Amino acid sequence: MNEYIVVKWLHILSSTLLFGTGIGTAFYMFSASLTRDSAIAAAVTRNVVTADWIFTATTIVIQPLTGFYLVYLAEIPVTSRWVMWSTVLYLIAGACWLPVVWLQIRMHQLAADASNRKDELPPLYWQYFRFWIGLGIPAFIALVIVFYLMVAKPI
C-alpha cells in the first residue's frame, strides 16, 4: 500500500478520534453537570477523564507526527501559510486542553466527594465548570479552522 495513503488514513482517523472524543465527552460532561446530581457528575467525569487519557492524549501525539510527515511526503513547504496557521491553531487547542484535563480531574474529585457525602456539587465545581467551558470554546473553534485548512489549503 502507498505510504502516503497509509499516513493520511492514520492522520484522518486520529483527527476524527480527537475531534469526536472532544465533542462527545464535552456533551456528556456538560449534560451530566446540568443535572446537578453529584453521583451522575462523578460517574461521567470519571469516564471523561479516562476517555481523554486513552483517546485525546494519544491522538494529540499522532496528529503532528502524521501531519508533518504528510507535509514531508507531499513536499509541501513547512512555511506554507496554511501549514503554519494549522500548527499555531493546533497549539492553541492543545494549550486549552492541558488545563481542561486538570479541571476535569478536579471536577471529578469534587463530584465524587459530594456524591460520597450525598451532597450537592460545591461552588468550586461550578467555578471550574465555567473555566472548562471557557477553554473548550476556543479549542473547538481552533480545531474546526484546522480541519478547514487541512482540507482546503487556502493560503
Side-chain angles (χ1 to χ4, degrees), residues 7-71 78 81-153 155:
V7 176
K8 187 173 184 176
W9 177 79
L10 287 171
H11 190 69
I12 292 169
L13 179 62
S14 68
S15 69
T16 303
L17 286 171
L18 174 64
F19 197 76
T21 300
I23 292 291
T25 57
F27 173 78
Y28 284 109
M29 187 146 162
F30 187 82
S31 298
S33 294
L34 292 183
T35 68
R36 298 191 173 275
D37 184 319
S38 59
I40 291 171
V44 171
T45 55
R46 180 186 64 245
N47 290 335
V48 165
V49 170
T50 301
D52 256 354
W53 287 122
I54 293 171
F55 300 108
T56 309
T58 305
T59 57
I60 278 179
V61 173
I62 293 170
Q63 278 294 281
L65 294 175
T66 57
F68 283 117
Y69 194 48
L70 285 170
V71 165
V78 166
R81 289 179 61 188
W82 74 268
V83 173
M84 292 192 320
W85 274 110
S86 295
T87 302
V88 167
L89 290 166
Y90 187 79
L91 291 171
I92 289 169
C96 291
W97 179 74
L98 289 172
V100 159
V101 172
W102 181 85
L103 288 167
Q104 290 172 170
I105 291 168
R106 290 293 301 131
M107 290 168 75
H108 167 68
Q109 292 167 341
L110 291 167
D113 290 345
S115 178
N116 290 337
R117 292 189 317 271
K118 307 252 189 279
D119 201 358
E120 63 185 33
L121 295 167
L124 185 57
Y125 182 94
W126 298 109
Q127 183 179 351
Y128 288 163
F129 184 68
R130 285 188 295 278
F131 286 134
W132 178 79
I133 290 170
L135 289 165
I137 291 170
F140 172 79
I141 292 169
L143 288 179
V144 168
I145 295 170
V146 169
F147 266 93
Y148 170 76
L149 292 171
M150 286 190 314
V151 172
K153 300 170 184 55
I155 48 178

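What you see is a predicted model, and the numbers here were worked out from it, not measured in a lab.
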- Task: Begin from the C-alpha positions of L110 and L124 and carry the test side chain to side chain contact (heavy atoms under 4.5 Å, CB included) through to its verdict.
- Result: CA-CA 8 Å; L110 291 167; L124 185 57; 4.0 Å; yes
Could you walk me through whether T56 and T25 pass the side chain to side chain contact (heavy atoms under 4.5 Å, CB included) check? CA-CA 10 Å; T56 309; T25 57; 5.8 Å; no
Using the rule given for side chain to side chain contact (heavy atoms under 4.5 Å, CB included), can you reason through W102 versus Y128, listing the C-alpha separation, both sets of side-chain angles and the distance that settles it, and then say yes or no?
CA-CA 10 Å; W102 181 85; Y128 288 163; 3.6 Å; yes
Self-check item: Residue pair M29, T45: steps toward the side chain to side chain contact (heavy atoms under 4.5 Å, CB included) verdict
Solution: CA-CA 6 Å; M29 187 146 162; T45 55; 3.8 Å; yes
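For the atom pair CG (L89) and CE (M84), the distance works out to 12.0 Å, reported to the nearest 0.5 Å. F131 contributes atom CZ, which lies 11.5 Å from atom CE of M107 (distance to the nearest 0.5 angstrom). The CG atom of L121 lies 10.0 Å from the CD1 atom of I40; values are rounded to the nearest 0.5 Å. Distance CD1/I23 to CG/L18: 10.0 Å, rounded to 0.5 Å. For the atom pair OH of Y148 and OG of S86, the computed distance is 11.0 Å after rounding to the nearest 0.5 Å. Atom CD of Q104 and atom CG of N47 lie 11.5 Å apart (nearest 0.5 Å).
Of all heavy-atom pairs between Q63 and H11, the closest is NE2-O, 2.8 Å. When all heavy atoms of W82 and M150 are compared, the closest pair comes out as CZ3-CA, 4.1 Å. Here the closest heavy-atom approach between residue C96 and residue P99 is recorded as O-CD, 3.3 Å. Residue W53 comes nearest to T58 through the heavy atom pair O-OG1, 4.1 Å, listed as atom of the first residue, atom of the second, then distance.
Residues meeting the side-chain hydrogen bond (donor to acceptor under 3.5 Å, both in side chains) test with R106, sequence neighbours left out: Q109. Applying the side-chain hydrogen bond (donor to acceptor under 3.5 Å, both in side chains) criterion to S33, with sequence neighbours excluded, gives Y125.
Counting heavy-atom neighbours within 6.0 Å of F147 CZ, excluding the residue itself, gives a total above 12. The local environment of CZ in F19 is crowded, with over 12 non-hydrogen atoms from other residues, nucleotides or ligands closer than 6.0 Å.
Under the 4.5 Å side-chain criterion, counting only non-hydrogen atoms from C-beta, Y90 is in contact with P64. The side-chain heavy atoms of I60 and W97, taken from C-beta on, include a pair separated by under 4.5 Å. Taking 4.5 Å as the limit, every side-chain heavy atom of I145 sits out of range of all side-chain heavy atoms of W85. No side-chain heavy atom of T59 sits under 4.5 Å from any side-chain heavy atom of T21. Side-chain contact between F68 and V83 is present, with at least one heavy-atom pair separated by less than 4.5 Å.
Between F129 and W132, the ring-plane angle classifies as parallel under the 30° and 60° cut-offs.
S15 places a side-chain N or O within donor-acceptor distance of the main-chain N or O of I12, the cut-off being under 3.5 Å. Judged by distance alone, with hydrogens and angles left aside, the side-chain atoms of S38 form a donor-acceptor pair with the main-chain N or O of D119 at under 3.5 Å.
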